Engineer: 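Got a structure here, written out as structure tokens. Questions coming.
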Amino acid sequence: MKSFKNSELKVMPSGDFQLLGIRCKSCGEAIFGLHPLCLNCSSSDYEQITLENRGKIRNYTILHVPPHQDWKGPVPYVVTEIEFPNGAVTTTQLVDIDPANTRIDIGMPVQIELREADRDDDGESIMIYVAKLLA
Amino acid sequence: MAKKVKMRDVVVLGVGLHPFGRFPPEKTYIDLAKEAVSKAIKDAGIKWHDVQVAMYSHVREQASSAGLLVFQEFGSHGIPMIGNIENACSSSSTAVWLATRLIGTGLYDIILVAGAEKMPRGPLTSPLRYSPERYLGTGVMMGLYAFMARRYMREYGAPIEAIAQVSVKNHKNGAINPYAQYKKVFTLEEVLNSRMIADPLTLYQCCPTSDGAAALVLCAADIASKYTSKPLVKIAGSALHIQKYSDRKKCIPQNTVRAAEEAYEQAGVSPKDVRLAEVHDAATIGEIVQIEALGLCPEGEGWKYTMQGKTEITGTIPVNPSGGLQAQGHPLGATGARQIAEITLHLRGEAGERQVPGNPKVGVTECAGFGGVSTVHVLVRQD
Ligand SMILES: [Zn+2]
């Protein structure tokens, strides 16, 4: 089991995972993913942090068209901007939801989960992170 | 920050368009671009051999140095030619930004900028082939616009009807533009009831994918009268800015705010002097936030201006008299040059049935693009 982008998602052989980010010691901004410099102020004085596996919906849309020809996901599907408790933001899919019959709104809490996106040539799972509404 | 250097005045000497639309596969991008370039050369009153630099822009063509194949149709007389200047939807406006500086600093007198595209059908997504985005269905252009629309509606209390009205207005304009892809008028109900694409944006609020081409001949102002007796339209302001990380705190695109400030300052005009605008309405909401960013209306009031008809051709500040990306179409590489051509035609009084009345003297273009780019050009007729 491995991740797609090592700069933001670390997947352990056990299936546990960590979302990675940076906190800038210069401007204080918490930023999703690992970057050579703080994206806000370009300082190199930052620490690597682990983000909580939960956040809230900052924005969302329900897409009614498959994004490309090879799409295997549901249609319609929901894409959300997720804000973590420390203020870092990412965009991902909101899964396990029937958008026609579920209320989605800004501010609703979500948890982050792993999903298998694909398998590599050796059959090993390549994982991505998704969001799921907290009951 | 760029150094402030004394620049020569640069004018749009000639414009050329190939109609936007859908053309059969055997009509290649070379055919489209060739027609636009030929028209621009003719309109400018120059000969091909007068061109000193030729620049081409495209985004999606599966060819390297695509522009060189176009330019070599006219013959290669030993001038620098650039096969592609790519900056997403802002590609050919980025080429104009560069060309304006190459002429302004005195290095060259006449530069040709051309942009063309033959686009595949279907949603426009981030081009990465193997990426989480591809499995998640994120990075879809209209999804990003849907975020923008939802946020705008929440922050400024705008109803979806006001945003959809942009499509009604622009299709009305496109219907009288011979170069537009869509010449069909829609009612507000038809726009709102069209197929949902990215909630809250329906099909008729999203620009089509298009084929088309546009070309411009830019020239040092002091020699322009050698070639043409047409009114000269000066590129009085030209700015390119990129979104900053902190811009996400604002709903109104701050890259355009900064580009507009710079371009207005160069031109010595204020937003109040602007009589018409061509802006990047890839989705309806784009037009509303961009006219606010350009200072053409107060922040949070773009939707009211739209509802009140102020942005119609006959309104106080006509926006997208061409029909915009919504109706004119959006062949990515051609759009930036096409917007500048459109404003030039209006400032010359040559825009035909869609001409903005009142003999406008100052117009502005804004072209935004994936990756956070925004280019703004202020055009002023020289009397
Ligand atoms: Zn910082």
Side-chain angles (χ1 to χ4, degrees), chain A residues 3-5 7-9 24 27 29 31-33 35 37-42 57-81 83 87 89-95 99-100 104-107 115-118 120 126-131, chain B residues 60 120-155 160 163 193-206 208-209 242-251 254 283 285 371-372:
Chain A
S3 73
F4 223 114
K5 253 192 193 170
S7 66
E8 55 189 39
L9 174 63
C24 180
C27 72
E29 194 80 24
I31 295 170
F32 187 81
H35 311 278
L37 298 173
C38 168
L39 300 185
N40 190 43
C41 75
S42 299
I57 295 176
R58 190 175 181 264
N59 206 336
Y60 72 96
T61 181
I62 305 160
L63 287 139
H64 292 256
V65 181
H68 49 77
Q69 286 174 344
D70 313 326
W71 181 247
K72 294 187 185 80
V75 177
Y77 67 100
V78 184
V79 170
T80 58
E81 267 185 350
E83 184 170 331
V89 175
T90 190
T91 301
T92 189
Q93 194 185 129
L94 190 67
V95 300
I104 308 168
D105 209 351
I106 290 169
R115 284 294 148 91
E116 181 183 86
D118 209 343
D120 69 9
I126 308 174
M127 309 301 284
I128 48 179
Y129 65 93
V130 295
Chain B
R60 313 278 291 193
R121 287 169 193 273
L124 199 56
T125 53
S126 144
L128 289 177
R129 248 186 111 177
Y130 298 102
S131 65
E133 288 77 13
R134 201 164 165 81
Y135 291 93
L136 291 167
T138 55
V140 178
M141 197 50 77
M142 285 308 145
L144 303 177
Y145 275 107
F147 280 174
M148 191 189 278
R150 192 176 301 284
R151 181 172 180 187
Y152 183 89
M153 290 163 72
R154 220 175 136 90
E155 286 195 21
I160 189 63
I163 294 168
N193 294 332
S194 61
R195 191 156 61 86
M196 186 61 79
I197 299 293
D199 193 0
L201 300 174
T202 51
L203 179 66
Y204 296 154
Q205 298 192 64
C206 304
T209 50
I242 299 288
Q243 197 171 29
K244 296 179 184 175
Y245 186 80
S246 57
D247 288 347
R248 63 175 63 194
K249 294 189 173 72
K250 298 266 178 72
C251 183
Q254 299 297 302
I285 184 63

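Predicted model only: the values in this text are computed from it and were never measured.
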Engineer: Is it the backbone or the side chain of Arg58(A) that comes under 4.5 Å from a heavy atom of chain B, or both, or neither?
Structural biologist: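 Contact with chain B: side chain only.
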Engineer: Which pair of non-hydrogen atoms, one from Leu63(A) and one from Ala198(B), has the smallest distance, and what is that distance?
Structural biologist: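 Closest pair (atom of Leu63(A), atom of Ala198(B), distance): CD2-CB, 3.6 Å.
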Engineer: Counting N and O atoms only, with roles assigned by atom type, does the side chain of His64(A) sit under 3.5 Å from a partner on the main chain of Arg195(B), one being a donor and the other an acceptor?
Structural biologist: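 Pair absent, no side-chain N/O of His64(A) close to backbone of Arg195(B).
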Engineer: Which bit of Thr80(A) comes within less than 4.5 Å of chain B, counting heavy atoms only: side chain, backbone, both or neither?
Structural biologist: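 Only the backbone of Thr80(A) comes within 4.5 Å of chain B.
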Engineer: Which atoms form the tightest heavy-atom contact between Pro67(A) and Gly137(B), and what is the distance?
Structural biologist: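 Pro67(A) and Gly137(B) have their closest heavy atoms at CG-CA, 3.8 Å.
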Engineer: Please flag which part of Ile128(A) lies under 4.5 Å from any non-hydrogen atom of chain B: side chain, backbone, both or neither.
Structural biologist: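 The side chain, not the backbone.
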Engineer: Can you name the residues that form a salt bridge (charged side-chain N to carboxylate O under 4.0 Å, His left out) with Glu8(A), not counting sequence neighbours?
Structural biologist: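 In terms of salt bridge (charged side-chain N to carboxylate O under 4.0 Å, His left out), with neighbours along the sequence ignored, Glu8(A) is linked to no residue.
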Engineer: Return the OH to CG distance between Tyr129(A) and Leu136(B), rounded to the nearest 0.5 Å.
Structural biologist: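 Reported value, rounded in 0.5 Å steps: 7.5 Å.
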Engineer: Let me know if Arg248(B) has heavy atoms under 4.5 Å from chain A in its side chain, its backbone, both or neither.
Structural biologist: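 Answer is both: backbone and side chain atoms of Arg248(B) are under 4.5 Å from chain A.
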Engineer: Could you list the residues that satisfy side chain to side chain donor-acceptor pair (under 3.5 Å) with Arg150(B), not counting sequence neighbours?
Structural biologist: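 Expected list: Tyr60(A).
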Engineer: Calculate, to the nearest 0.5 Å, the distance between atoms CZ and CG belonging to Arg134(B) and Asp70(A) respectively.
Structural biologist: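 If we round to the nearest 0.5 Å, Arg134(B):CZ and Asp70(A):CG are 5.0 Å apart.
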Engineer: Grab the two heavy atoms, one from Thr61(A) and one from Asp199(B), that are nearest each other, plus how far apart they are.
Structural biologist: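 Looking at all heavy atoms of both residues, the shortest contact is OG1-O, 2.7 Å.
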Engineer: Where does Glu81(A) contact chain B at under 4.5 Å (heavy atoms): side chain, backbone, both or neither?
Structural biologist: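 Its backbone and side chain both get close to chain B.
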Engineer: Please flag which part of Ile126(A) lies under 4.5 Å from any non-hydrogen atom of chain B: side chain, backbone, both or neither.
Structural biologist: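 Contact with chain B involves no heavy atom of Ile126(A) at all.
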Engineer: How far apart are the closest heavy atoms of Tyr245(B) and Ile31(A), and which atoms are they?
Structural biologist: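 Scanning both residues, the minimum pair turns out to be OH-CG1, 3.5 Å.
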Engineer: To the nearest 0.5 Å, tell me how far Glu116(A) CD sits from Tyr135(B) OH.
Structural biologist: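 Answer rounded to 0.5 Å: 10.0 Å.
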